[in-house]
Amino acid sequence: KELDDVLAMGMDWALREGYAWPQDREHCEENGRMMMADPSRVSKRAKKRGLSQLGTLGAGNHYCEVQVVEEIYDTVAAQRMGLSKGTVCVMIHSGSRGLGHQVATDALIEMDRAMERDPIPLN
């Protein structure tokens, strides 16, 4: 149930649970929530892979880094983001991990089936 809420609500779930601030929405694609998201369309395998990984950083090129702003190259953008020289920031790059990987794999399998069924040529 909780994972279905995350999938359906996105940023709104994070706000409800206290993991985000309202202004975080403006820094996310589609304001952090895809209104047409339907967790029932996500496979059980994808959900199983994602459940234990929810909220984790991942591996490989994923990171969490503390940074200090030393130079401003675009003052308008910096002001919009509330940045100035000396501001301490946290940069996080993570992925959707097992859940996202499985959703993509499932979609590619469906696409392969559709291409066989409806001859779709690729260049």
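Quick note: numbers below take in every heavy atom, side chains included, and nothing from hydrogens, waters or symmetry partners.
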Not counting sequence neighbours, which residues clear side-chain hydrogen bond (donor to acceptor under 3.5 Å, both in side chains) with [X]? List them please.
X      : value
Glu70  : none
Arg45  : Gln102
Asp24  : none
Glu116 : none

Quick check: is [Y] connected to [X] through a chain of hydrophobic side chains (ILVMFWY, heavy atoms under 4.5 Å apart)?
X     : Y     : value
Leu15 : Met9  : no
Val6  : Tyr19 : yes
Met91 : Val66 : no
Met11 : Leu7  : no

Original post:
Should we say atom CE of Met115 is surrounded by more than 12 heavy atoms from elsewhere, each under 6.0 Å from it?
Top reply: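 It does: Met115 CE has more than 12 such atoms within range.
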
Original post:
Around atom CD of Gln67, are there more than 12 heavy atoms of other residues, nucleotides or ligands at under 6.0 Å?
Top reply: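 For Gln67, atom CD is crowded (more than 12 foreign heavy atoms under 6.0 Å).
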
Original post:
Testing Ile109, Val103, Leu108 for side chain to side chain contact (heavy atoms under 4.5 Å, CB included) with Thr105, which one passes?
Top reply: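 Testing Thr105 for a side chain to side chain contact (heavy atoms under 4.5 Å, CB included) against Ile109, Val103, Leu108 leaves exactly one candidate, Ile109.
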
**OP:** Would you please name every residue forming a ring pair (Phe, Tyr, Trp, His ring centres under 6.0 Å) with His101, sequence neighbours left out?
**Re:**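 None.
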
Original post:
So which pairs with a foot in residues 74-84 pass side chain to side chain donor-acceptor pair (under 3.5 Å), sequence neighbours left out?
Top reply: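 Applying side chain to side chain donor-acceptor pair (under 3.5 Å) to every pair that reaches into residues 74-84, excluding sequence neighbours, yields Ser84-Thr87.
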
Original post:
Under the 3.5 angstrom rule, does the side chain of Gln53 hit a backbone N or O of Gly98 as a donor-acceptor pair?
Top reply: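 Present.
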
**OP:** Provide the closest heavy-atom pair for Cys64 versus Leu57 in the form atom of the first, atom of the second, distance.
**Re:**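 Closest approach of Cys64 to Leu57, heavy atoms only: N-CD2, 3.8 Å.
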
Original post:
Can you tell me how far OG of Ser43 sits from CZ of Arg49, rounded to the nearest 0.5 angstrom?
Top reply: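 Spacing of CZ (Arg49) from OG (Ser43) equals 9.0 Å.
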
Original post:
Would you call Arg16-Asp12 a salt bridge at under 4.0 Å N-O?
Top reply: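 Not counted as a salt bridge, because no side-chain N and carboxylate O are separated by less than 4.0 Å.
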
